[in-house]
Amino acid sequence: MATFQTLPGFREFYPEDLAGRSHIFRLWRQTAASFGFAEYDAPVLEPLELYKAKSGDEIEAQLFSFTDKGGREVALRPEMTPTVCRLVGARANALRRPIKWFSIGEFFRYERMQKGRGRCFFQFNADIFGEPGPEAEIELIALLVQCLCAFGLTEQDFYVRLSDRNLWFHYLGALGLDEPRIRAVLTAVDRHEKHGDAAFASYSEQFGPLDPGIKERVMAFLSIRSLAALEQTLAGINDERLAARLADWRRLLRALEAMGLGRYVEVDLGVVRGLAYYTGFVFEAFDRKGDLRALAGGGRYDDLVQKLGGPTLPAVGFAIGDMTFALLLEQRGLMPKILHAPDVFCVIDGETGRLAAFPDIHALRAAGFRVEYPLRDSAFGKQFKAASESGARLALIYGGDEVARGVVKVRDLAQRSEVEVPKSQVALHVRDFLSVR
RNA sequence: GCGAUCGUAGCUCAGUUGGUUAGAGCACAAGAUUGUGGAUCUUGGGGUCGCGGGUUCAAAUCCCGUCGGUCGCCCCA
């Protein structure tokens with residue numbers, strides 16, 4: 001039957017699937033709003049140049065790109081950051097600081113599919129522009145943690161690894177490495193967790209073997225897992241920029257501690273976040289079991305707005321992907337079973353009952369209640385079964401007997417108890433019942 | 001781009017050394033049931049066995065190709 005197939009890596013959302021997705025989006029929106037972030041949106045299709053500007057061939061290879069009918073080179077957006085930089089950059093002078101924005105959008109990457117990765121996916125993105133100090137990181141890491149906790153996840157389920165590219169840069173500089181060598185070492189550090197010593201192979205190819213003394217200190221540095229260890233390692237080095245970074249670290253960790261979020265955050269200098277544009281703190285959220293890919297990632301990118309043609313504007317941001325996150329919620333049984341339950345299900349006997357029920361059904365719906373009824377006549381037993389399966393809390397019964405007496409029987413489906421209510425008071429009764437909860 | 005593995009109903013799968021009209025459970029629908037709940041029973045709809053080619057009297061079954069799913073590698077903005 002299915003002559004046409006969904007394109008590889010693309011997803012369809014049947015109502016049950018969409019219900020789960022909407023549930024996730026709803027809580028993300030709610031959480032971002034409670035932190036005072038404003039929602040924005042932007043085009044899905046962008047000039048190819050926007051992504052070429054800051055990245056290499058590898059990334060271009062994973063873009064859905066083509067030439068449009070006007071001869072423009074365009075690409076489906078693979079991420080939000082360049083777009084939001086352009087938006088903010090274009091009006092930077094007119095926007096009140098701090099600029100706290102979020103969005104939920106779909107993104108596209110032409111990749112091979114794997115667990116938690118497809119060719120299209122949704123991301124929650126949150127960014128703060130115009131704040132150079134760690135106050136921006138405090139706000140964003142708190143938001144990230146709450147975006148996961150809002151679903152019932154706890155510190156048993158996930159944690160945030162916190163690192164600092166800026167610190168790495170200064171530290172490696174203090175060890176006497178120049179910038180190209182520093183970048184090569186950072187690439188090796190990024191891969192070290194997965195590949196072990198082999199991660200340094202590419203460095204050796206470019207620059208010859210890394211000095212054993214330096215390598216030892218790199219290995220020690222990437223094993224740092226606490227602020228105390230960090231302070232101790234840097235104690236012997238006299239460099240004011242390193243001292244200033246340490247002060248930022250203390251402010252950041254103290255603030256998160258004060259919010260009660262210390263248990264979610266782990267210092268981990270082994271994280272450097274592979275590519276390009278991060279310039280300061282970087283962080284990634286993982287599930288504790290470690291059998292899923294990263295849940296979220298972000299960091300500071302103070303140069304990007306300018307690189308994309310805007311003014312100098314410091315920025316921090318992160319993104320949570322929907323696929324890995326949904327896998328985690330399902331694993332932990334935190335995905336609600338019924339997400340579209342009506343408030344009220346009507347049980348109706350014949351045409352007479354139907355005509356009696358319609359005014360109430362419409363009035364309740366107009367008042368904002370979710371009301372369902374069988375479109376066609378069917379046996380009461382079936383209707384009650386349907387009512388029960390729908391997840392509705394109340395059944396309104398319009399039988400011949402009730403209609404004749406001008407009443408409606410209201411059944412509490414959970415308690416299996418019934419009361420009769422004069423027809424004129426149905427809406428009131430329903431409102432009272434449902435508002436009690 | 002590379003590798004492994006798998007494609008039979010909406011889902012999970014069975015299908016003998018190749019042999020008549022391809023099966024089950026779940027799900028869906030109808031009835032038993034003309035006023036009370038996740039039960040039971042009966043019945044029903046739904047499949048060009050991913051697609052194409054080959055071998056054969058005969059292919060879901062064997063061979064080749066291809067498309068797709070899943071999981072890794074690369075990459076992960």
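Protein chains get the first letters and strands the later ones, always in sequence-line order, with residue 1 at the start of each.
An OP1 or OP2 oxygen of U36(B) is reached within less than 4.0 angstrom by no side-chain nitrogen or oxygen of R411(A). Regarding contacts with the backbone of U36(B), every side-chain N or O of K409(A) stays at 4.0 angstrom or more from both OP1 and OP2.
Protein atom OH of Y277(A) is 5 Å distant from nucleotide atom C1' of A77(B), rounded to whole Å. Distance CD (Q62(A)) to C1' (C75(B)): 5 Å, rounded to an integer number of Å.
Judged by closest nucleotide on RNA chain B, F10(A) is the one of R293(A) and F10(A) placed further toward the 5' end. Between K382(A) and R416(A), the one whose closest nucleotide on RNA chain B sits nearer the 5' end is K382(A).
Within the structure, ring pair (Phe, Tyr, Trp, His ring centres under 6.0 Å) contacts touching residues 288-314 of chain A (residues at least two apart or in different chains) are Y277(A)-Y301(A).
No hydrogens or angles were tested; on distance alone, nothing pairs the side chain of R117(A) with the base of G72(B) as donor and acceptor under 3.5 Å.
The stretch residues 37-45 of chain A does not touch RNA chain B, since none of its heavy atoms comes less than 4.0 Å from the strand.
Going from atom CG of L153(A) over to atom SG of C147(A) covers 11.5 Å, rounded to the nearest 0.5 Å.
Taking the six-membered ring where the residue is Trp, F108(A) and F64(A) present perpendicular rings, their angle passing 60° and hence far from 30°.
Stem analysis of RNA chain B (Watson-Crick or G-U pairs, both distances under 3.5 Å, runs of at least three) returns B:1-7 with B:67-73, B:10-13 with B:23-26, B:28-32 with B:40-44, B:50-54 with B:62-66.
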